[in-house]
Amino acid sequence: MQLRRSVNVASSAEEQNTLTFWQLIIRHSTRSVILDDTRVLLTTSEFDLFWLLASNSEQILSRDYIYRQLRGIEYDGMDSSIDTKVAVLAKKLGDSTSLSKRIITLRGKG
C-alpha cells in the first residue's frame with residue numbers, strides 16, 4: 001500500500017509532526033486529519049495506520065511490515081483487518097475503490 005505524495009513533509013521543528021499532501025493535513029500531535037478544511041474522523045487504529053502510510057508515502061509497505069509496525073507481530077496471511085481499514089480510510093478520504101487518488105494498493109506488493 002502506498003500513499004500518493006504531493007508535498008514534502010514540513011521542515012520546521014514545530015511542524016515535524018505534521019504531514020501535508022495538497023488539501024490533506026495530518027497532525028500527529030493532535031491525531032487529527034483535515035481534508036479540504038474539513039476534519040476527517042478516524043478511530044485510533046485508523047489514524048495509526050494512516051500515519052504509518054503517510055510517513056512512508058514514497059515507499060510500498062507490505063502487509064507484514066504494517067502488522068509488525070502496528071501490532072508487533074508477523075502477518076499470518078489470513079487476517080484481512082488491514083485491508084478493511086485501508087478501504088475505510090479511502091472511503092473517509094473521498095476515494096472511490098476504482099480510482100483511488102490518495103491510497104494506492106499494488107496487488108501482490110502492498
Side-chain angles (χ1 to χ4, degrees):
M1 287 151 224
Q2 183 181 27
L3 188 71
R4 281 194 186 166
R5 184 174 215 141
S6 62
V7 178
N8 289 332
V9 177
S11 59
S12 75
E14 193 173 296
E15 296 176 341
Q16 286 285 324
N17 289 320
T18 301
L19 301 174
T20 304
F21 304 86
W22 288 326
Q23 299 298 319
L24 176 65
I25 302 167
I26 310 163
R27 290 191 179 100
H28 192 269
S29 59
T30 59
R31 300 183 67 81
S32 61
V33 176
I34 309 295
L35 176 61
D36 295 326
D37 297 322
T38 302
R39 186 169 182 163
V40 178
L41 299 176
L42 301 179
T43 66
T44 299
S45 62
E46 289 168 350
F47 183 86
D48 291 342
L49 173 59
F50 194 43
W51 182 261
L52 179 65
L53 294 173
S55 298
N56 295 280
S57 65
E58 299 297 324
Q59 300 173 34
I60 298 171
L61 305 181
S62 68
R63 282 182 189 85
D64 191 51
Y65 178 82
I66 293 169
Y67 270 82
R68 279 182 281 146
Q69 293 301 306
L70 297 179
R71 297 185 178 169
I73 60 173
E74 298 292 319
Y75 175 61
D76 65 7
M78 301 297 289
D79 188 349
S80 63
S81 62
I82 296 295
D83 298 346
T84 302
K85 280 188 179 62
V86 168
V88 168
L89 279 173
K91 185 176 179 181
K92 287 184 176 185
L93 295 170
D95 273 353
S96 70
T97 54
S98 61
L99 299 171
S100 181
K101 295 179 183 176
R102 295 183 181 91
I103 300 176
I104 303 166
T105 301
L106 301 172
R107 187 176 177 95
K109 299 216 184 252

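One hydrophobic cluster, built from ILVMFWY side chains closer than 4.5 Å, holds both Leu35 and Leu89. At a threshold of 4.5 Å between side-chain heavy atoms, the hydrophobic network of Ile, Leu, Val, Met, Phe, Trp and Tyr places Tyr75 and Tyr65 in one connected group. Cluster annotation: Val88 is not connected to Tyr67 through the hydrophobic network of ILVMFWY side chains, with a link wherever side-chain heavy atoms come within less than 4.5 Å. With hydrophobic clusters built from ILVMFWY side chains whose heavy atoms lie under 4.5 angstrom apart, Leu42 shares a cluster with Phe21.
Just one residue in the list Asp64, Ile66, Leu70 forms a side chain to side chain contact (heavy atoms under 4.5 Å, CB included) with Arg68, and that residue is Asp64.
Residues Leu19 and Ala54 come closest through the heavy atom pair CD1-CB, 3.5 Å. Residues Trp51 and Thr18 come closest through the heavy atom pair CH2-N, 4.3 Å. The heavy-atom pair separating Leu52 from Gln69 by the smallest distance is CD2-CB, 3.9 Å. Heavy atoms only, all atoms of each residue included: Val33 and Leu24 are closest at CG1-CD1, 3.6 Å. Residues Glu46 and Leu41 share a closest heavy-atom pair of OE1-O, 4.3 Å.
Taken to the nearest 0.5 Å, the OG1 atom of Thr20 stands 7.5 Å off from the CZ atom of Arg27. Here the NZ-OG1 distance, from Lys92 to Thr43, works out to 5.5 Å after rounding to the nearest 0.5 Å.
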Could you go through Leu93 and Phe50, starting from their C-alpha distance and side-chain angles, then the distance that decides it, and tell me whether this counts as side-chain contact (heavy atoms from CB on, under 4.5 Å)?
CA-CA 11 Å; Leu93 295 170; Phe50 194 43; 3.5 Å; yes
Show, in sequence, the C-alpha distance, side-chain angles and deciding distance for Asp36 and Thr38, and conclude whether the side-chain hydrogen bond (donor to acceptor under 3.5 Å, both in side chains) test is met.
CA-CA 5 Å; Asp36 295 326; Thr38 302; over 6 Å; no
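Annotation for Asp37: atom CG does not count as buried by contact number, only 12 or fewer foreign heavy atoms lying within 6.0 Å.
Asp79 and Ser81 are linked by a side-chain donor-acceptor pair at a separation below 3.5 angstrom, with hydrogens and angles left out of the test.
Using a 4.5 Å cut-off on side-chain heavy atoms (C-beta onward), Thr44 and Arg31 make contact.
For Arg63 and Asp83, the salt-bridge test passes: some basic side-chain N is under 4.0 Å from an acidic carboxylate O.
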